[in-house]
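For reference, positions follow the sequence shown, starting with 1. Side chains are part of it too, since the values below use all heavy atoms of this structure and drop only hydrogens, waters and symmetry mates. Fair warning: this is a prediction, and the values are worked out from it, not measured in the lab.
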Amino acid sequence: MINFNYRPESYFNGTGPNTLVCKLSYPESQWGEEISIYANVLDSEYYYEAVDFYGNEIKLNPEKSKQPLTLQELIFMVETMDVDPKTAQGNIELTLSGIPMAESLLYNHLEAYFAEKRKNFGMI
C-alpha cells in the first residue's frame, strides 16, 4: 500500500547544496524525454527546480516549501508541471501531458504510483 503522507526527514545527506528529488522519463515522447526535479536549500526553505534537455522554464507547484514534500505533494507537483507556451522548446507541452515513469531514492513509492497509473491507462 502506498503511503501518500510519507515525508522524508531531509533531502540532504551533507554532500552538497542540492539534491535530485526524482527523475521522470516519458518513453512515449519522440525523443524519450526526461525531466529531473531538484531541491535546493536557501534560508531554511527548500526551492524546487525542474530541468529538461532543452532548458525549458518548467513551473512547479509548489515552488518552495519549509519542509520536504509529502509523497502526495510531490505527485501533485509532477502532475501539474507547466510551461509558458510562448517560450516552450522541444514539444515539452505534449511531453507534460503524458504519464511519466518515475525514479526516486527519497520517495520509494513514487515509482509504484506512476507504474500503476501507466498500467491503468494501458501504457505498460
Side-chain angles (χ1 to χ4, degrees):
M1 176 161 279
I2 295 176
N3 178 3
F4 290 100
N5 293 317
Y6 170 78
R7 178 189 318 268
E9 289 194 27
S10 176
Y11 287 139
F12 303 99
N13 61 7
T15 59
N18 64 15
T19 193
L20 177 64
V21 175
C22 67
K23 182 173 129 183
L24 309 170
S25 302
Y26 295 83
E28 289 77 29
S29 72
Q30 181 178 1
W31 304 106
E33 301 292 339
E34 290 186 353
I35 297 173
S36 298
I37 298 178
Y38 292 91
N40 301 287
V41 68
L42 179 66
D43 296 331
S44 301
E45 283 192 294
Y46 296 106
Y47 289 82
Y48 303 100
E49 175 183 26
V51 178
D52 73 340
F53 176 78
Y54 299 101
N56 283 299
E57 287 192 36
I58 301 171
K59 298 175 201 160
L60 299 176
N61 185 14
E63 296 176 353
K64 64 181 180 173
S65 64
K66 295 252 183 223
Q67 58 186 345
L69 301 175
T70 64
L71 175 60
Q72 182 174 349
E73 291 167 331
L74 178 60
I75 290 169
F76 178 80
M77 176 188 280
V78 168
E79 292 182 338
T80 61
M81 289 188 298
D82 197 14
V83 292
D84 182 348
K86 296 175 195 162
T87 60
Q89 300 287 315
N91 276 341
I92 188 70
E93 292 171 290
L94 185 58
T95 298
L96 292 178
S97 69
I99 300 169
M101 293 172 39
E103 299 174 33
S104 177
L105 296 175
L106 299 166
Y107 293 89
N108 296 334
H109 292 118
L110 185 67
E111 183 175 349
Y113 171 83
F114 281 108
E116 185 65 27
K117 188 169 183 175
R118 289 176 58 80
K119 180 180 172 186
N120 289 338
F121 281 87
M123 300 172 86
I124 291 183

Joint cluster assignment, L69 & L42, ILVMFWY side-chain distance < 4.5 Å | no
Is V78 linked to M101 within one hydrophobic cluster, defined over Ile, Leu, Val, Met, Phe, Trp and Tyr using a side-chain heavy-atom separation of less than 4.5 Å?
->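 No, because V78 and M101 fall into different hydrophobic clusters, even though each may have its own neighbours under 4.5 Å.
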Calculate, to the nearest 0.5 Å, the distance between atoms [atom1] and [atom2] belonging to [X] and [Y] respectively.
X   : Y   : atom1 : atom2 : result
D52 : I58 : CG    : CD1   : 4.5 Å
C22 : M77 : SG    : CE    : 8.0 Å
L60 : L74 : CG    : CG    : 10.0 Å

Could you report the tightest heavy-atom contact between [X] and [Y], atom names first, then the distance?
X    : Y    : value
L106 : S10  : CD2-O, 4.2 Å
N108 : L105 : OD1-O, 4.0 Å
F114 : A102 : CD1-CB, 3.8 Å

Taking salt bridge (Lys or Arg N to Asp or Glu O under 4.0 Å) as the definition, give me every residue that meets it alongside [X], ordered by chain and number, with sequence neighbours left out.
X   : answer
E79 : K117
K59 : none
E28 : R118
E73 : R7

Sequence neighbours excluded, every pair satisfying side chain to side chain donor-acceptor pair (under 3.5 Å) that has a member inside residues 83-96 | none
Given side chain to side chain contact (heavy atoms under 4.5 Å, CB included), test I35 with I92 step by step and report yes or no.
-> CA-CA 10 Å; I35 297 173; I92 188 70; 3.9 Å; yes
Main-chain N/O of L94 paired with Y26 side-chain donor or acceptor, under 3.5 Å | no
Exceeds 12 heavy-atom contacts within 6.0 angstrom, atom CD of E45 | yes
Results of ring pair (Phe, Tyr, Trp, His ring centres under 6.0 Å) for Y11 - residues two or more places apart only = Y46
Any residue meeting side chain to side chain contact (heavy atoms under 4.5 Å, CB included) with [X], in chain and number order, not counting sequence neighbours:
X    : value
L20  : S36, Y38
E49  : N40, V51
F4   : I2, L71, Q72, I75, Y113
E103 : K23

State which residues pass side chain to side chain donor-acceptor pair (under 3.5 Å) with T80; sequence neighbours excluded, sorted by chain then number.
->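 Result, side chain to side chain donor-acceptor pair (under 3.5 Å) vs T80: none returned.
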Below 4.5 Å, heavy atoms only, C-beta onward: do S104 and I37 meet side chain to side chain?
-> no
Pair listing, ring-ring contact (aromatic ring centres under 6.0 Å, His included) test, anchored in residues 47-103, at least two apart = none
